[in-house]
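This is a predicted model, so every value here is computed, not measured. All values below come from the heavy atoms of this structure, side chains included, with hydrogens, waters and symmetry mates left out. Along the sequence shown, residues are numbered consecutively beginning with 1.
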Amino acid sequence: MVGARRKARALALQVLYEVDSVGHEVEEVLTHLLADGGLSAENGAFVRELVSGVIQNKEKIDLNIQNFAPAWPIEQIPAVDRNILRLAIFEVLLDNKVPVKVAINEAVELAKTFGGDNSSRFVNGVLGSVSGLVNR
């Protein structure tokens, strides 16, 4: 189950990254990547839920990133890191369906896989601060 959820989060990250960096339509990207993703219907729905939640709450999420990474203007954070943070902050602060530690661990693993050399430390640091807002 963990592997399938991680794969779903990776797919959600790919959607968010493409929408953010290239400006493609969310539904087009979702449809294309889900068709090729090999996920169960349940995990496909999870991807849609994550992407939709991030897109709908992007301003609120970005405000949290700015508050907890003030030295980094949002547009200067590498696109992969920015979207990993968006995904994790949605899960931690707004979705409340997984334990905070799980959401942070998943984000750090995505950063190790898709980000640069310092991405996992940066993501972990920002999310560690964000998690202070949550009492669970």
Side-chain angles (χ1 to χ4, degrees):
M1 184 66 160
V2 171
R5 286 290 171 145
R6 182 165 295 161
K7 186 175 178 181
R9 283 184 180 92
L11 205 93
L13 172 62
Q14 290 172 317
V15 172
L16 293 168
Y17 177 85
E18 186 171 332
V19 169
D20 185 33
S21 59
V22 190
H24 291 158
E25 291 296 318
V26 175
E27 191 54 41
E28 278 180 39
V29 179
L30 264 170
T31 302
H32 171 72
L33 289 177
L34 283 173
D36 296 339
L39 295 175
S40 68
E42 179 185 347
N43 283 318
F46 179 60
V47 171
R48 287 185 173 282
E49 185 180 312
L50 291 174
V51 170
S52 172
V54 170
I55 298 294
Q56 289 174 10
N57 295 286
K58 189 169 157 251
E59 287 180 26
K60 186 187 300 184
I61 293 168
D62 284 358
L63 190 59
N64 277 288
I65 294 171
Q66 289 173 328
N67 288 339
F68 291 105
W72 290 91
I74 198 88
E75 63 279 352
Q76 289 183 9
I77 297 172
V80 169
D81 297 355
R82 179 172 59 236
N83 285 289
I84 291 170
L85 287 172
R86 286 174 175 158
L87 190 58
I89 289 171
F90 169 71
E91 284 200 272
V92 169
L93 295 181
L94 303 168
D95 196 38
N96 302 319
K97 290 184 181 167
V98 297
V100 172
K101 288 182 180 182
V102 170
I104 292 173
N105 182 57
E106 290 294 309
V108 169
E109 291 302 317
L110 287 173
K112 287 178 183 175
T113 302
F114 297 104
D117 292 342
N118 297 314
S119 294
S120 61
R121 283 192 301 264
F122 175 69
V123 165
N124 191 47
V126 174
L127 294 177
S129 298
V130 168
S131 71
L133 297 176
V134 181
N135 294 332
R136 57 182 171 103

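- The shortest heavy-atom contact between H24 and V19 is O-CG2, 3.6 Å.
- Environment of CG in D117: sparse, with no more than 12 heavy atoms of neighbouring residues, nucleotides or ligands closer than 6.0 Å.
- How far CD1 of I65 is from CG of L127: 8.5 Å, rounded to the nearest 0.5 Å.
- V126 approaches A69 most closely through the heavy-atom pair CG2-CB, 3.9 Å.
- Summarising the geometry, atom CG belonging to L94 is positioned 5.5 Å from atom CD1 belonging to I61; distances are rounded to the nearest 0.5 Å.
- Crowding of E28 atom CD: a count of heavy atoms from other residues, nucleotides or ligands under 6.0 Å not exceeding 12.
- Taking 4.0 Å as the cut-off between side-chain N and carboxylate O, R9 and E109 do not count as a salt-bridged pair.
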With side-chain contact (heavy atoms from CB on, under 4.5 Å) as the criterion, how do F122 and I77 come out once you've worked through the C-alpha distance, each side chain's angles and the decisive distance to 0.1 Å? CA-CA 10 Å; F122 175 69; I77 297 172; 3.9 Å; yes
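- Pairing each heavy atom of A8 with each of L39, the nearest pair is CA-CD1, 4.0 Å.
- Smallest separation of non-hydrogen atoms from D81 and S119: OD1-OG, 2.7 Å.
- With contacts defined as side-chain heavy-atom distances shorter than 4.5 Å, the pair R48/L34 qualifies.
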Would you check, one step at a time, whether the test side-chain contact (heavy atoms from CB on, under 4.5 Å) holds for N67 with L63? CA-CA 6 Å; N67 288 339; L63 190 59; 4.1 Å; yes
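- When every heavy atom of A79 is checked against every heavy atom of D20, the shortest pair comes out as CB-OD2, 4.3 Å.
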Tell me, with the steps shown, if L16 and I55 meet side-chain contact (heavy atoms from CB on, under 4.5 Å). CA-CA 8 Å; L16 293 168; I55 298 294; 3.9 Å; yes
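- If you run side chain to side chain contact (heavy atoms under 4.5 Å, CB included) between V123 and each of L110, N118, I104, I84, only I84 comes through.
- Other residues, nucleotides and ligands place more than 12 heavy atoms under 6.0 Å from the CD atom of E75.
- Here K97 pairs with E49 in a salt bridge; the nearest charged N to carboxylate O distance falls below 4.0 Å.
- R121 and N124 share no donor-acceptor pair across their side chains, judged by distance under 3.5 Å alone.
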Could you go through the side-chain contact (heavy atoms from CB on, under 4.5 Å) check for R82 and Q76 one step at a time? CA-CA 9 Å; R82 179 172 59 236; Q76 289 183 9; over 6 Å; no
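- Within a 6.0 Å sphere centred on OH of Y17, other residues, nucleotides and ligands contribute 12 heavy atoms or fewer.
- In plain terms, the two heavy atoms of A103 and A88 that are nearest each other are O-CB, 4.3 Å.
- Annotation: the span from E25 atom CD to T31 atom OG1 amounts to 11.0 Å, rounded to 0.5 Å.
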